[in-house]
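Below, chain A is the first sequence line, B the second, and so on; all start at residue 1. Here the structure is a predicted model, which means the values were calculated and not measured.
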Protein chains: 2
Amino acid sequence: MKHAPLIAQNHTRCADCPIRHKAVCAYCEPPELAKLDAMKSYRTYQAGETIVWAGEEIEVLGSVVSGVATLSRTLPDGRRQMVGLLLPSDFVGRPGRRTAPYDVVAANEVMICQFIKPQFEKLVSNTPALERRLLDMTLDELDAAREWMLLLGRKTAREKIASLLVIIARREAALNGTTIGDGLRFVLPLTREAMSDYLGLTIETVSRQISALKKSGVIVLEDARHIRVPDYVALLDEAGDDSDGGFIS
Amino acid sequence: MKHAPLIAQNHTRCADCPIRHKAVCAYCEPPELAKLDAMKSYRTYQAGETIVWAGEEIEVLGSVVSGVATLSRTLPDGRRQMVGLLLPSDFVGRPGRRTAPYDVVAANEVMICQFIKPQFEKLVSNTPALERRLLDMTLDELDAAREWMLLLGRKTAREKIASLLVIIARREAALNGTTIGDGLRFVLPLTREAMSDYLGLTIETVSRQISALKKSGVIVLEDARHIRVPDYVALLDEAGDDSDGGFIS
DNA sequence: TTCTGACCTTGATCGAGATCAATCAAACGG
DNA sequence: CCGTTTGATTGATCTCGATCAAGGTCAGAA
């Protein structure tokens, strides 16, 4: 199945996909790649559609090709906390695990390049480099989750918003290979509600703090979803720390 | 070096250590075990001593044998968030990573069974089962971290305290093989300050909420560190969710 | 024995963010 | 074209947990 132009940067593998699979491409050797190609298929999910239900059997295993998916946990009374965000090239599902510990929901229309689970798992256990790659990715996610714990436990609402903006800007820049600097423009891929679920705030607080950052000139709101950052360092400063802002994927 | 009696439950390997190494024992085969034994050494750290500094080279790689260590991140202005707790049998350090993303600090006197880093890493890359084991452990930690994100972002102070008590009770029970039920007694291995760092609260709020739980009869405080739980289900109920309460290790 | 310092508890007050409520703007289907 | 829906903003008020402040308890040192 052909569907989109190739944007791969460091290699020309997985030519069908417009993204580099974080999980596999970097380590694919030609024989493995052929096997991966043979088990690939594509599926799209509508905005709001649940891709994987918490507690249920995991069936999806693959990479996000386009769109944004979220990972979230919910308390019995409905309080919800997002625990991860999946952007293009991020891996969905966990080889070797039977059930998912949280919901995976499409934030907008999401296309996933999916592998056949038993085949992929067999490939993983026969390919030490691939297993190693999965370990590295998981360690990255763990670091990002812990970074986010600092945000949830100790940052103010304003710092939380600024941190999220920095993180989204970084990820968008990484995706399309642009650099970050003054005058930076980007699109928020999340609604105010999704942002509030991510930051442990309410919609109203998110809206108010975005307005406040706008009022102080740290950001320019072209419309609710389009943000411009006249002075990138000022935004970083609002985020409260100088870390590289790990991102939950 | 001999130092403590063997308490291993499912196997009799790593006989020197009074704990089962979560990271390696479950997968050690005799030839690997011999190599591990050859690279083992023990080291103790005083309460409050920093075992690994955030950002610095990781030198320690091993398992906690006794005591409690904490993982924490700090904002430039001093706000601190604990992001993990290491109890006996938990693994310290990350093979394949050069620097630590957070401080590892001894909460009380901690003994660590330490491996020589390059040797251990070499063993890992030659032993797929060991690598697999590390991936599984990391996935567990990731799940626990995300569970904790739900707590930090969405639970009330009272729910946070109850959740922490449940988690500590579970881990203590798992360690010494006892079962959990009504009349359960356990020791808090953390000061109020460490609890507040873990829960994203202040010391005063921790103290007040513990008093409140005591006043409502959910727990009995024998002294500041010794807790008895007359009705375990009531405590679970206070924690706000029925999940298995992942724990950051 | 008293002194000292670490740790914990409790009270009074404050304030950031939640909650409740109204309004607005853009998209969409009739 | 207008009515409805969905998402965002803004205002008024309330509340939970932070902050400021005072004591209490206990182990170890003098």
Side-chain angles (χ1 to χ4, degrees), chain A residues 46-48 68 70 75 77-81 107-109 151-165 187-216 219-227 238 240, chain B residues 46-48 68 75 77-81 106-109 151-165 187-216 219-227 238 240:
Chain A
Q46 298 310 308
V68 177
T70 66
L75 252 15
D77 63 4
R79 283 174 285 172
R80 175 173 315 155
Q81 177 65 48
N108 10 72
E109 188 176 291
L151 176 144
L152 289 171
R154 295 301 187 194
K155 288 193 180 178
T156 66
R158 187 177 173 114
E159 288 168 335
K160 286 178 176 181
I161 297 287
S163 301
L164 181 59
L165 295 183
V187 180
L188 283 175
L190 302 173
T191 65
R192 297 290 187 266
E193 184 177 28
M195 292 174 71
S196 70
D197 282 344
Y198 207 179
L199 300 170
L201 299 169
T202 58
I203 311 185
E204 295 95 325
T205 300
V206 169
S207 186
R208 269 187 258 271
Q209 294 300 331
I210 288 181
S211 299
L213 285 173
K214 172 178 140 197
K215 198 163 293 171
S216 14
I219 59 173
V220 177
L221 266 187
E222 307 187 336
D223 69 49
R225 294 294 195 102
H226 292 79
I227 300 227
E238 294 284 349
Chain B
Q46 298 312 307
V68 177
L75 252 16
D77 63 5
R79 282 174 285 173
R80 176 173 316 157
Q81 177 64 48
N108 13 69
E109 187 176 292
L151 177 144
L152 289 172
R154 295 302 187 194
K155 288 192 180 178
T156 64
R158 187 176 173 114
E159 290 168 335
K160 286 178 176 182
I161 297 287
S163 302
L164 181 58
L165 295 183
V187 180
L188 283 175
L190 302 173
T191 64
R192 298 289 186 265
E193 184 178 27
M195 292 174 71
S196 70
D197 282 344
Y198 207 178
L199 299 170
L201 298 170
T202 58
I203 311 184
E204 296 95 324
T205 300
V206 168
S207 186
R208 268 187 259 272
Q209 294 301 331
I210 288 181
S211 299
L213 285 172
K214 172 179 140 196
K215 198 163 292 172
S216 15
I219 60 173
V220 177
L221 265 188
E222 307 187 335
D223 68 50
R225 294 295 194 97
H226 292 79
I227 300 226
E238 294 283 350

Would you mind reading off the distance between [X] atom [atom1] and [N] atom [atom2], rounded to a whole angstrom?
X: B:Leu221; N: D:dC26; atom1: CG; atom2: P; result: 13 Å
X: B:Met195; N: C:dT9; atom1: CE; atom2: P; result: 9 Å
X: B:Leu152; N: D:dC16; atom1: CG; atom2: C1'; result: 17 Å
X: B:Asp223; N: C:dT9; atom1: CG; atom2: C1'; result: 14 Å
X: B:Arg154; N: C:dT19; atom1: CZ; atom2: C1'; result: 13 Å
X: B:Arg225; N: C:dA6; atom1: CZ; atom2: C1'; result: 11 Å
X: B:Gln209; N: D:dA18; atom1: CD; atom2: P; result: 9 Å
X: A:Arg79; N: C:dT19; atom1: CZ; atom2: C1'; result: 15 Å

Quick one: is C:dT10 close enough that its OP1 or OP2 comes under 4.0 Å of any side-chain N or O from B:Ser207? no
Below 4.0 angstrom from OP1 or OP2 of D:dG17, is there any side-chain N or O of B:Thr205? no
Using the side-chain heavy atoms of [X], tell me which of these nucleotides is nearest: [options].
X: A:Arg208; options: D:dA12, D:dA18, C:dG17; value: D:dA12
X: A:Leu201; options: D:dG17, C:dG17, D:dA8; value: C:dG17
X: B:Ala224; options: C:dC8, D:dG17, C:dG17; value: C:dC8

Over all strands shown, is A:Gly48 touching base, sugar-phosphate only, or nothing at heavy-atom distances under 4.0 angstrom?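 Result for A:Gly48 = nothing.
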Please find the pair of heavy atoms, one from [X] and one from [Y], that lie closest to each other, and give the distance.
X: B:Tyr198; Y: B:Leu152; value: O-CD2, 3.8 Å
X: B:Arg225; Y: B:Thr191; value: NH2-CG2, 3.3 Å
X: A:Gln209; Y: A:Ala157; value: CG-CB, 3.8 Å
X: A:Thr202; Y: A:Ser196; value: C-CB, 3.5 Å
X: A:Ile210; Y: A:Met195; value: CD1-CE, 3.8 Å

Polar pair under 3.5 Å, donor/acceptor by atom type, side chain A:Arg158, base C:dG17: no
Tell me if the side-chain of B:Glu204 makes a donor-acceptor pair with the base of C:dC8, cut-off 3.5 Å, by modelled atom types. no
Is it true that the side chains of A:Arg158 and A:Ser216 contain a donor and an acceptor less than 3.5 Å apart? yes
Please list, in numerical order, the residues of residues 187-194 of chain B that have a heavy atom closer than 4.0 Å to any atom of DNA chain D.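 Within residues 187-194 of chain B, no residue comes under 4.0 Å of DNA chain D.
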Are there over 12 heavy-atom neighbours, none belonging to A:Arg80, within less than 6.0 Å of that residue's CZ? no
